[in-house]
Amino acid sequence: MPRRDGGLTVQETKFLEHYSVHKDRSKAERHAKLAPRSGYAVLARPEIQKRIVQEQVTRLNTDALGIAVGTLIEIMENKKAPAAARVQASKVVLDRALPTGADGRHKDLHEMSPEEIKAALANLEGLAAAHAKDVTDASADEGDKAEKGDIFG
């Protein structure tokens, strides 16, 4: 049952979080410990539908974007990938990263000045840095000890 102030109950919040990721009403009901089939009423509320869309957009802009960029880079760098796949991945990256002309269309490299190319590369590097994740962990310190001969602590 919705709260009087329009907010979500703890169960509704759990339902929303699970449903927005998995898109399975019955599993989201079980996860949130809601009565069977009560998820239909939760999903019918406009504020819940709005929050589900917000959650999905957030996931797209955080998790999925990084994966997509990483996938494109993997395809472009993989010498064993079909040439057509590598070219298509490169086109996608260039289309999204290169500046647009006055008519709103992306400029081809031959249409760009050296300054525009430098700016586009800087933009790409900035996007890559913004989506980079720290992959270092504490085991790196242990590796340093092993190299020094102190493997027992």
(message) Any non-hydrogen side-chain atom of Arg59 less than 4.5 Å from a side-chain atom of Glu55?
(response) no

(request) Write down the atom of Ile52, the atom of Leu16, and the distance for their closest heavy-atom approach. (result) CG1-CD1, 3.2 Å

(request) Write out all pairs satisfying salt bridge (Lys or Arg N to Asp or Glu O under 4.0 Å) with one or both partners inside residues 79-93, taking only residues at least two apart or from two chains. (result) none

(message) Test your reading of the model: is there a side-chain donor-acceptor pair from Glu17 to the backbone of Lys14, 3.5 Å cut-off?
(response) no

(message) Please report the interatomic distance CD1(Ile73) to CG(Asn78), rounded to the nearest 0.5 Å.
(response) 13.5 Å

(request) Using the test salt bridge (charged side-chain N to carboxylate O under 4.0 Å, His left out), find all partners of Arg25 that sit at least two apart in sequence or belong to another chain. (result) Glu29

Quick one: side chains of residues 61-72, donor-acceptor pairs under 3.5 Å with protein atoms, not counting sequence neighbours, listed by atom name and distance.
unit_1 : atom_1 : unit_2 : atom_2 : d
Asn61  : ND2    : Val57  : O      : 3.3
Thr62  : OG1    : Thr58  : O      : 2.8
Thr71  : OG1    : Ile67  : O      : 2.8

(request) Can you sort out the partners of Glu77 under side chain to side chain donor-acceptor pair (under 3.5 Å), two or more places apart, ordered by chain and number? (result) none

(request) Go through the structure and list residues passing side-chain contact (heavy atoms from CB on, under 4.5 Å) with Gln49, not counting sequence neighbours. (result) none

(message) Counting neighbours of NZ on Lys23 that are heavy atoms of other residues, nucleotides or ligands and sit closer than 6.0 Å, is the number greater than 12?
(response) yes

(message) Donor-acceptor check, side chain of Gln11 to backbone of Lys33, threshold 3.5 angstrom: yes or no?
(response) yes

(request) Name the orientation class of the two ring planes belonging to His18 and His22 (parallel below 30°, tilted from 30 to 60°, perpendicular beyond 60°). (result) tilted

(request) Locate the shortest heavy-atom distance separating Met76 from Ala89; write the atom from each residue and the value. (result) CG-CB, 3.7 Å

(message) My understanding is that only residues two or more places apart in sequence, or in another chain, count here; which of them pass side chain to side chain donor-acceptor pair (under 3.5 Å) with Ser26?
(response) Asp24

